[in-house]
Amino acid sequence: MSSLPSRPAGSAPLALPPGVDLETFNKFIQDVTDVVGAENVEVIVSMNQIDDKSYEDPTHTHDPHHIVDQDYFMASAVVAPRNVADVQAIVGLANPLSMPLWPISIGRNSGYGGAGPRVRGSLVLNMGKNMNKILEVNVEGAYCLVEPGVTFQDMHNYLVENNLRDKLWIDVPDLGGGSILGNTLERGVGYTPYGDHFMMHSGMEVVLPNGELIRTGMGALPDPRKPATMGLKPEDQPWNSSAQLFPYGFGPYVDGLFTQSNLGIVTKMGMWLFPNPGGYQSYLITLPKDDDLKQAVDIIRPLRLAMVLQNVPTIRHILMDAAVMGTKTDYTDTKGVLGDEELDAIAKKLNLGRWNFYGALYGPEPVRNALWAAIKGSFSAIPGAKFYFKDDVPENSVLRIRDLTMQGIPTFEELRWVSWLPNGAHLFFSPIAPVQGEDAVAQYEVTRRRCEEAQLDFIGTFTIGMREMHHIVCIVFNKRDEDQKRRAHWLIRTLIDDCARRGWGEYRTHLAVMDQIMGTYNWNNGSFLRFNEVIKNAVDPNGIMAPGKSGVWPKNYKKEEWTL
Ligand code: ADP
């Protein structure tokens with residue numbers, strides 16, 4: 001029997017799970033330690049273990065970008081299963097005690113709560129520490145099959161090291177350190193033509209709250225062609241040969257139930273890789289005036305619908321780029337919010353527009369030339385719009401970074417905008433908008449005005465999906481300044497209600513406002529949430545799986561007492 005992790009005898013975790021006494025907790029930890037080994041269990045008994053650390057070395061105990069007290073969204077312990085059987089054993093131990101588990105893959109989830117659990121004292125399951133293998137890269141089928149700990153950077157490195165970059169790319173988000181699996185489960189985005197990660201996944205393997213293991217889509221159909229594998233445990237058996245090619249299989253399509261949800265622990269996932277298009281060219285179009293946003297978005301809509309804009313392009317506010325290239329004090333002595341004149345001056349200094357549109361062309365040169373002629377022709381209707389390719393801009397330009405991102409090469413430079421302010425931390429406010437100039441302008445006006453009321457600079461970008469835009473407002477605050485934290489928190493809470501009143505909802509959010517946002521998705525007297533609660537209580541009757549995630553509470557939690 002392995003021993004308990006070293007900690008002073010009898011010392012309690014800083015946060016016990018709700019309704020669990022110390023003795024029960026200690027026994028549970030002992031049992032879990034027996035399953036996974038002491039090296040895979042850390043009980044949080046001292047504030048010395050609570051360190052915000054860094055993006056490079058992420059903490060697993062709490063949210064490093066804490067918008068409330070640092071130890072509010074905090075784990076009692078962090079446990080790393082070694083395999084599927086460990087996950088099933090932990091679930092088996094948790095059920096009789098209604099012990100809350102909070103699965104993470106890498107736990108960066110930057111700006112949305114990090115590794116922190118919604119319920120203080122939950123057991124954070126660090127799925128990525130040991131379960132981090134690339135199980136398959138299939139060149140002909142252009143897909144991969146991965147475990148939770150495989151990051152975008154890992155997959156890119158694999159493609160490079162195996163001389164496969166000339167055949168396949170992995171779509172990457174702004175930063176390369178997140179897991180493919182965690183990002184997809186949160187319905188995150190990237191910037192190649194495969195930018196909608198959930199759309200591009202195919203097949204999941206999931207441990208349900210009762211410990212049962214399922215494979216979704218074609219994965220539910222056994223693969224008959226590999227008799228030599230008879231006798232393998234289900235999790236080690238090969239997948240059906242179509243599982244990573246056709247996501248839907250037969251019957252109800254359940255994959256969505258495991259995204260932004262609390263119904264299972266995903267242990268494997270298939271993901272499509274983007275075939276190298278045989279030619280690539282990134283570009284930047286600068287738009288001189290703040291008002292150009294409206295016209296630009298109306299130009300973008302038909303181009304994106306027709307896939308003349310092939311990838312997920314972005315329209316970035318000037319401060320988004322300015323913050324990647326420097327801190328606020330590099331540009332101005334102004335302590336308060338920057339006004340239009342100062343923004344114009346920054347744009348001039350950086351040779352950028354008030355809005356800057358980043359996209360890319362894919363395919364052989366004649367194809368790219370034809371697409372570029374259409375794009376450039378359309379944007380030329382905006383007076384003063386300027387057009388750049390990578391080699392036209394200085395080395396430190398954002399286009400040099402986006403040039404890599406939009407061809408699936410992970411970068412980490414976008415991290416810099418968090419340092420716009422000293423002790424910079426951030427929170428994302430991410431409403432969806434139609435690709436309509438009027439909506440873009442209205443959303444920009446509402447969010448900018450509220451940012452100004454909160455005395456925080458507006459930093460934002462519109463990410464263009466197939467038919468909508470994810471408007472990502474980056475709320476940067478000094479986390480050592482309690483007043484500023486309060487204002488940032490006020491800002492996001494106010495914006496959620498402002499936007500809901502106008503019919504705009506968020507696509508994803510931070511732990512602190514999940515209840516509020518779910519409360520806005522309340523059509524027909526909240527029937528959507530009630531349906532989710534029925535599913536939750538049927539699948540997880542003891543409420544062990546990520547209680548409160550996305551505002552869905554199991555019946556053994558008094559919702560009125562838990563909602564924030
Ligand atoms: P990233 O890899 O981007 O750092 P995380 O590992 O923090 O992302 O995961 C983001 C969120 O996705 C988690 O907070 C959790 O809700 C969910 N999640 C991540 N991994 C799993 C998993 N293996 N099973 C179920 N949910 C998961």
Side-chain angles (χ1 to χ4, degrees), residues 53-65 73 75 78-81 83-84 86-88 90-91 100-119 122-133 146-155 171-190 197-198 201 204-209 213-214 216 235 254-269 271 410 412 415 428 507-512 514 539-540 544-552:
K53 295 197 188 172
S54 62
Y55 184 86
E56 292 73 22
D57 176 22
T59 173
H60 297 125
T61 53
H62 70 292
D63 176 15
H65 297 271
F73 295 116
V78 182
V79 171
N83 48 43
V84 170
D86 281 2
V87 179
Q88 290 172 307
I90 293 168
V91 164
L101 309 174
W102 185 266
I104 59 164
S105 285
I106 292 291
R108 289 194 163 102
N109 204 20
S110 210
Y112 293 112
R118 174 62 184 82
V119 168
S122 297
L123 200 82
V124 165
L125 286 191
N126 180 355
M127 296 295 298
K129 179 182 167 192
N130 303 309
M131 299 172 72
N132 55 12
K133 283 186 289 302
V146 294
E147 290 188 327
V150 177
T151 65
F152 292 95
Q153 180 75 61
D154 293 337
M155 181 54 69
D171 184 277
V172 298
D174 294 287
L175 300 171
S179 61
I180 297 175
L181 198 142
N183 184 280
T184 304
L185 295 185
E186 283 294 289
R187 304 199 288 265
V189 298
H197 291 161
F198 180 68
H201 96 285
M204 289 180 185
E205 182 184 271
V206 189
V207 174
L208 298 177
L213 188 69
I214 63 166
T216 65
E235 60 267 33
V254 298
D255 291 41
L257 289 177
F258 301 107
T259 68
Q260 293 192 7
S261 76
N262 46 17
L263 298 174
I265 302 172
V266 181
T267 50
K268 296 182 184 75
M269 191 187 73
M271 190 76 183
F412 296 88
L415 253 182
F428 285 123
Y507 93 99
R508 176 181 182 184
T509 202
H510 187 275
L511 299 168
M514 285 175 172
V539 174
D540 182 15
I544 60 167
M545 202 65 74
K549 169 89 183 169
S550 298
V552 180

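Whatever order the structure lists them in is the order used to number ligands and atoms, beginning at 1.
- For atom 4 (O) of ligand 1, the nearest non-hydrogen atom of the protein is Arg108 N, 2.6 Å.
- Counting only heavy atoms of the protein, atom 11 (C) of ligand 1 lies nearest to Glu186 CG, 3.5 Å.
- Nearest to atom 17 (C) of ligand 1 among the protein's heavy atoms is Pro103 O, 4.1 Å.
- Judged by distance alone, the side chains of Asp154 and Thr151 do bring a donor and an acceptor atom under 3.5 Å apart.
- Of the N or O atoms in Asn183, none lie within a sub-3.5 Å distance of an N or O in ligand 1.
- Annotation: Val266 places an N or O atom under 3.5 Å from an N or O atom of ligand 1; distance criterion only.
- If you look at Thr151 next to ligand 1, there are no close heavy atoms at all, none under 4.0 Å.
- Looking at Leu181 and Val150, their side chains never come closer than 4.5 Å, going by heavy atoms from C-beta outward.
- A heavy-atom distance below 4.5 Å is found between the side chains of Asn109 and Arg508.
- Judged by distance alone, with hydrogens and angles left aside, the side-chain atoms of Gln260 form a donor-acceptor pair with the main-chain N or O of Glu186 at under 3.5 Å.
- Shortest contact from atom 3 (O) of ligand 1 to any protein heavy atom: Gly178 CA, 3.7 Å.
- Side-chain rings of Phe152 and His197 approach one another, their centers coming within less than 6.0 Å.
- Protein heavy atom nearest atom 20 (N) of ligand 1, with residue, atom name and distance: Ser105 OG, 2.7 Å.
- Scanning the protein heavy atoms around atom 26 (N) of ligand 1, the nearest turns out to be Leu185 CD1, 3.5 Å.
- Counting protein heavy atoms only, atom 2 (O) of ligand 1 is closest to Ser179 OG, 2.5 Å.
- Checked against a 3.5 angstrom limit, the closest N/O atoms of Pro148 and ligand 1 fall outside it.
- Side-chain atoms of Leu257 and Val539, non-hydrogen and from C-beta on, never get closer than 4.5 Å to each other.
- At a threshold of 4.5 Å between non-hydrogen side-chain atoms, the residues Glu147 and Lys133 count as touching.
- Residue Lys549 has at least one heavy-atom neighbour below 4.0 Å for each of these atoms of ligand 1: 16 (O).
- Scanning the protein heavy atoms around atom 9 (O) of ligand 1, the nearest turns out to be Gly182 CA, 3.9 Å.
- Remark: ligand 1 atoms within the under-4.0 Å shell around heavy atoms of Gly107 are 4 (O), 5 (P), 6 (O), 7 (O).
- The shortest side-chain heavy-atom distance between Gln153 and Phe412 falls under the 4.5 Å cut-off.
- In this structure, Ser179 and Pro148 have side chains that are not in contact, with every pair of non-hydrogen atoms separated by 4.5 Å or more.
- The shortest heavy-atom distance from Gly264 to ligand 1 is under 4.0 Å.
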request  = Evaluate side-chain contact (heavy atoms from CB on, under 4.5 Å) for Leu263 paired with Met545, printing each intermediate quantity in order.
outcome  = CA-CA 6 Å; Leu263 298 174; Met545 202 65 74; over 6 Å; no
